[in-house]
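Here is the structure we will look at.
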Amino acid sequence: MKFSEFNFHRDIAKGVKIAGFKEPSPIQKMAIPIIEEGKDLVGQAHTGTGKTAAFGLPMMDKLARGEIERALVITPTRELATQVSDELYHLGRFAGIRTLTVYGGVGYGRQIALIHKGVQIVVATPGRLKDLYRKGKIDVFNPEIVVLDEADEMLDMGFLEEIKEIFEYIPQNRQTLLFSATMPEPIKELANHILYNPEFISVIGEEDTTNNVIDQRYYVINENQRDEAIVKLLETEDTNKCIIFCRMKREVDRLTEHLQALGFNTAGLHGDLEQQDREVIIKAYRRGETKVMVATDVAARGIDVKDVTHVFNYHIPFDPQSYVHRIGRTGRAGKSGQAITLVTTEEFRELQRIQKEVGAQMRLATIRGGEGLDAANLEYLADQIRALPVHKDAQKVIDYMGDMDKMLMLEKLVSVLLDQEEQTTGSQIGFDQKRVDEMLESFESEQKVTRNNNRRKKRR
DNA sequence: AAAAAAT
């Protein structure tokens, strides 16, 4: 199937052609005819499926034909609003579609003036939009199509009340489209409330980014080894662009400075920065002028940057859902990606919760050349081994190895065991004695180095 | 408790 079969207005078709679009994606094939028909729609889809064009093209087609005069798109974050707005501008520029982005952190005057001047598409975040409607500043903006983008994210971020209020200001006589990656109960309820007799489409599963293309690893470290581990990983991994996620803004600032001091091409991003600065930083990152972005969860959702090879979780996120969104910044557009999480033994339960709750497939790994960094806690590793079906044999090995210096050895054993456990489903696992002997041998040679390193650290 | 989003 080709885009020409949709019979878009010639100026819209030109935008599609210049953008280099050839074959419509699954969601575009399904959504475009429904939207053209004027029906309400619930679309279940992740970012990166071609969602923006799926609603943007039929919407702008109707604008170009003069069938409608105004459309509204609501997105959860400012960055996403900018991104959607840019894409719509590029697709619709030959039809002269006037698009405006509306969000907080910038002046009111320009936004209000442009709306009164007659923009056709407003892409907005909930807070400022609600503010403008409530103050009666944009009574004139009565959209005939309304798109709720990433509705579940808005729910997660607590915008549901804002959304409901916004819909009180919008005429009932409209076409409403709701997109969401997941369909929790409150979203279904919202859909019932604001949509009329909608069609449902879903493209979940066709591009399951959580498990297929993203290789997910975790490293066990001590709390004070996070910086050291990140630096080592940046040095040893084959990275192009990468994102390091922290939990707190001041952590972002500190780590950014630290990495910059070490000569990494790094920028920090969080919500306390001026909106203008945020955009400059993202643009530079998009262009590849900065390679390492250190960020809070402000960058976890929706942002679509090409060629992000690695996502690092400096800390595991507070919210398990956030893990999925974070790692979804890599492995986009059919490319593979690496998701690496640093975790202390204290956080291990939380990591398991994430694995369970979102079905993430992570494996334990070791940092190349990072002796003394990985699996620095013997107790944790011993527990891991004890939890395995081979428990009895494992205990023998632990006893045999005895002291703390052998943690590297243990860690390797755990890796092997976990691998084995994966491969042999259901059956009892025994130690591969030959493999153990091999590892013991190689360990003997590494032991001295490790011991010396540990001693040096203790003295400090 | 964090961060996001209105100020």
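Naming convention: chains lettered A, B, ... in sequence-line order (proteins, then strands); numbering from 1 in each chain.
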By side chain to side chain contact (heavy atoms under 4.5 Å, CB included), which residues pair with [X], not counting sequence neighbours?
X        : value
A:Thr256 : A:Val252, A:Gln260, A:Thr266, A:Val294
A:Glu279 : A:Thr82, A:Tyr103, A:Gln275
A:Asp253 : A:His270

> What pairs meet the salt bridge (Lys or Arg N to Asp or Glu O under 4.0 Å) rule with one or both residues in residues 157-168 of chain A, with sequence neighbours excluded?
Replying inline: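 Every pair satisfying salt bridge (Lys or Arg N to Asp or Glu O under 4.0 Å) with a residue in residues 157-168 of chain A: A:Arg134-A:Glu165.
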Let me have the donor-acceptor pairs involving side chains of residues 190-200 of chain A, under 3.5 Å, with sequence neighbours excluded, atom names and distances please.
from     : atom 1 : to      : atom 2 : distance (Å)
A:Glu199 : OE2    : A:Lys39 : NZ     : 3.1

> Reading nucleotides 1-7 of chain B 5' to 3', which nucleotides get B (base under 4.0 Å from a protein heavy atom), which S (sugar-phosphate only), which -?
Replying inline: BBSBBBS
